[in-house]
Amino acid sequence: MTRELDYSKLGMRIRQVRKAKGWSQNELAEKCAISMSFLGHIERGSRIMSLETFVSICNALDTDADALLWGEAHPSDAVLNMWNPSEKKTGGKNTDSYSMYIRIMKSVAEIMNEA
């Protein structure tokens, strides 16, 4: 089954994750080595980015490509274990990561409810 990519929704998801991290468009654009204007077009869905730019955005936002493309993350077991707040192997660092994960997922849920 083939799904059609909705660039407006993709852009909204990128914007939501960026905002959940507390970053401005300029901050994300700098991290991805693209112009702020181009990032604005990407977030509005009015321009299509290259695969290289998409990978750069995923890496900068530290998020799963499926989460941005389709609104569904498919993390591996290793990633799921990283987000487990009951794991205290890193002295509480996972709890901070878990909190960020929850904020991101709430933002994605808001996007999905808008659709």
Which atom of [X] lies closest to which atom of [Y], heavy atoms considered:
X: Trp23; Y: Ala60; answer: CH2-O, 3.1 Å
X: Ala29; Y: Leu39; answer: N-CD2, 3.8 Å
X: Phe38; Y: Ile48; answer: CZ-O, 4.2 Å

side-chain hydrogen bond (donor to acceptor under 3.5 Å, both in side chains) against Ser56, all qualifying residues, sequence neighbours excluded: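 So Ser56 forms no side-chain hydrogen bond (donor to acceptor under 3.5 Å, both in side chains) with any residue.
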Partner set under side-chain hydrogen bond (donor to acceptor under 3.5 Å, both in side chains) for Asn26, not counting sequence neighbours: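 So Asn26 forms a side-chain hydrogen bond (donor to acceptor under 3.5 Å, both in side chains) with Glu30.
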Test side chain to side chain contact (heavy atoms under 4.5 Å, CB included) applied to Leu5 and Trp70, step by step: CA-CA 8 Å; Leu5 185 58; Trp70 312 113; 4.0 Å; yes
Check ion pair Arg18-Glu43 (N to O, under 4.0 angstrom):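 The answer is yes: the pair qualifies as a salt bridge.
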What's the separation between atom [atom1] in [X] and atom [atom2] in [Y], rounded to the nearest 0.5 Å?
X: Arg15; Y: Leu28; atom1: CZ; atom2: CG; result: 11.5 Å
X: Lys31; Y: Leu61; atom1: NZ; atom2: CG; result: 9.5 Å
X: Thr53; Y: Ile42; atom1: OG1; atom2: CD1; result: 6.0 Å
X: Lys21; Y: Thr63; atom1: NZ; atom2: OG1; result: 8.0 Å
X: Asp6; Y: Met12; atom1: CG; atom2: CE; result: 7.0 Å
X: Leu68; Y: Phe54; atom1: CG; atom2: CZ; result: 5.0 Å

Gly11 backbone acceptor or donor facing Arg44 side chain under 3.5 Å: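 Checking the backbone N and O of Gly11 against the side chain of Arg44, no donor-acceptor pair under 3.5 Å is found.
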Beyond-backbone contact of Met49 with Ile14, side-chain heavy atoms, under 4.5 angstrom: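 The answer is yes, as the side chains (C-beta and beyond) meet within the 4.5 Å cut-off.
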